[in-house]
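The next block holds one structure in the form of structure tokens; read it before the comments.
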Amino acid sequence: MEQQLTFVLLDSPKGAKYVEETLEDASSSSSSVPFSTDHRHRTFVKFFVYFSLVALAYYFIISSFAVSPISPTLPQQSSSGNVSSAKCDLFTGVWVPDPTGPLYTNVSCHHIQDFQNCLLNGRPDVNYLFWRWKPRDCDLPRFSPSQFLDSVKNKWWAFIGDSIARNHVQSLICILSQVEEVEEIYHDKEFRSKIWRFPSHNFTLSVIWSPFLLKSETSSNSDIQLYLDQLDHKWTVQYSKFDYVVISGGKWFLKTTIFHENNSVTGCHYCQGRNNLTDLGYDYSYRKTLNLLRDFVLNSNHKPLVLFRTTTPDHFENGEWNTGGYCNRTMPFKEGQAKMKTVDDVMRDVELEVFQKFGKGFGLGSNIRLLDTTGMSLLRPDGHPGPYRHPNPFAGVKNKSHVQNDCLHWCLPGPIDSWNDVMVETTLNRKRELYDLTG
């Protein structure tokens, strides 16, 4: 009977009530016995057994969740109360549930591009909003927009890259606008490059459209002419104004491109033997670009803090964006579940190859740091607009597979908001030792 009672306690929250009722039944069956000291003793013993069983059940339940009694040495606590580590890799970790949710909504932020406004466009699930990034070996403080704005008074922060860079800056603006509304003070004619200002902090924020980071031209036959020895002047002429810069490459290097070096055509990528050119591959042009970028930053007299954000993996399944690929997952991957596509693997290898050349000078010893968001992004197949690039995408559509999906950009709010957590920790928390690529 004792084993049966213990099993019920562990198996169901009704177990305690079951034990209590059993004891009461036993007591009532002997109610005809005159009240005596012996009766009080038996009652005491019954209650003692009852509470012992409850305590024993509680012990076994707690023990099943307890960590090993041999615990590793815990990281030291920083003065702010956050766990820090002598070598904390901010970019290796897991996504953990976060019931507090995002710092803004698509109602409280008015700067979300329609293509990324997933909730407004009718995305039915919201679980993707309630996760936060947790590095394996340390705590990652939650982004504080008020502290951030206080830290960047009279500064200029620039994002340089493609539409993912724009996606990122919109995320940052949405967070900061919960403290102070931003003013747009410039945009180009295509509305791709923009400048904003937070007036009370005299903080300037900009995004510069430069998908190749290099000089590029589109010829009459739509071929992209890429000059591998010339950076894009759209951002280099402004570089001396910036205090912080986030630079990123991306999927544009996969397009058909003709390579120019030293005033001559040297090859191409995906040009299908056009004009007898040698296909050198996208990794060739990407490597050339990053080396040129690195040398420019290191040799410039102006020394802003520069973050190079690593490649962003997409999550198209059963096809690509133009061949019926889709992304309909609603939960993050666990570590080890996701596998990067070959093109993303190659681009990431090039990035690490170029930036590992900094050796011991990488990180706090130089003005270039790595914002390595690839791994954390790979684990979030649930964070993309998917078909919800437009309102009610399935309205009047007979075959849902004909609706184009976006599995590269990110919903706002969404997982990309956590990029700002690691960005701030990498830039503004100067005392933290950064991830050392050389080990």
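None of the values given here were measured: they were computed from a predicted structure.
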Salt-bridge criterion met for Asp314 and Lys341 (N-O under 4.0 Å): yes

Can you pull out every disulfide (SG to SG under 2.5 Å) where at least one residue sits in residues 263-313? Sequence neighbours excluded, please. Cys268-Cys271

Do His111 and Glu181 pair up side chain to side chain, a donor and an acceptor below 3.5 Å, judged on atom types alone? yes

Evaluate the ring planes of Tyr286 and Phe308, with Trp represented by its six-membered ring, and classify them as parallel (under 30°), tilted (30 to 60°) or perpendicular (over 60°). tilted

Using the ring of each side chain (for Trp, its six-membered ring), is Phe191 parallel, tilted or perpendicular to His187, with breaks at 30° and 60°? parallel

Arg309/Asp372 salt bridge by N-O under 4.0 Å criterion: no

Salt bridge between Arg142 and Asp98, side-chain N to carboxylate O under 4.0 Å? yes

Where do Asp345 and Thr342 land on the side-chain hydrogen bond (donor to acceptor under 3.5 Å, both in side chains) test, with the steps shown first? CA-CA 5 Å; Asp345 250 336; Thr342 300; over 6 Å; no

So do the side chains of Phe203 and Leu149 get within less than 4.5 Å of each other, counting heavy atoms only? yes

Do NZ/NE/NH1/NH2 and the carboxylate oxygens of Lys251 and Asp344 come within less than 4.0 Å? yes

Checking Trp133 now: which residues fulfil ring pair (Phe, Tyr, Trp, His ring centres under 6.0 Å) with it, not counting sequence neighbours? Trp95

Can you label the angle between the His315 ring and the Phe333 ring as parallel, tilted or perpendicular, going by 30° and 60°? tilted

Identify all side-chain donor-acceptor contacts of residues 319-327 below 3.5 Å with residues at least two apart in sequence or on another chain.
unit_1: Thr323; atom_1: OG1; unit_2: Glu320; atom_2: N; d: 2.7
unit_1: Tyr326; atom_1: OH; unit_2: Asn318; atom_2: ND2; d: 2.5

Ignoring hydrogens and geometry beyond distance, is a side-chain donor-acceptor pair present between Gln178 and Ser108 at under 3.5 Å? yes

Mind checking whether Val350 and Leu290 have side chains closer than 4.5 Å, heavy atoms only? yes

Worked check of side chain to side chain contact (heavy atoms under 4.5 Å, CB included) between His168 and Ile416: CA-CA 7 Å; His168 189 186; Ile416 197 172; 4.1 Å; yes

Check for me whether the distance between the ring centres of Trp196 and Trp156 falls short of 6.0 Å. no

Does the side chain of Tyr239 come within less than 4.5 Å of Ser300's, by heavy atoms? yes

With Arg123 as the cation and Tyr388 as the aromatic partner, state whether NZ or CZ is under 6.0 Å from the six-membered ring centre and within 45° of the axis. no

Looking at Phe394, is Lys400 sitting on its ring face, NZ or CZ under 6.0 Å from the six-membered ring centre and within 45 degrees of the normal? yes

Centroid separation Phe115 to His390 less than 6.0 Å: yes

Salt bridge check, Arg329 against Glu317: does any charged N sit closer than 4.0 Å to a carboxylate O? yes

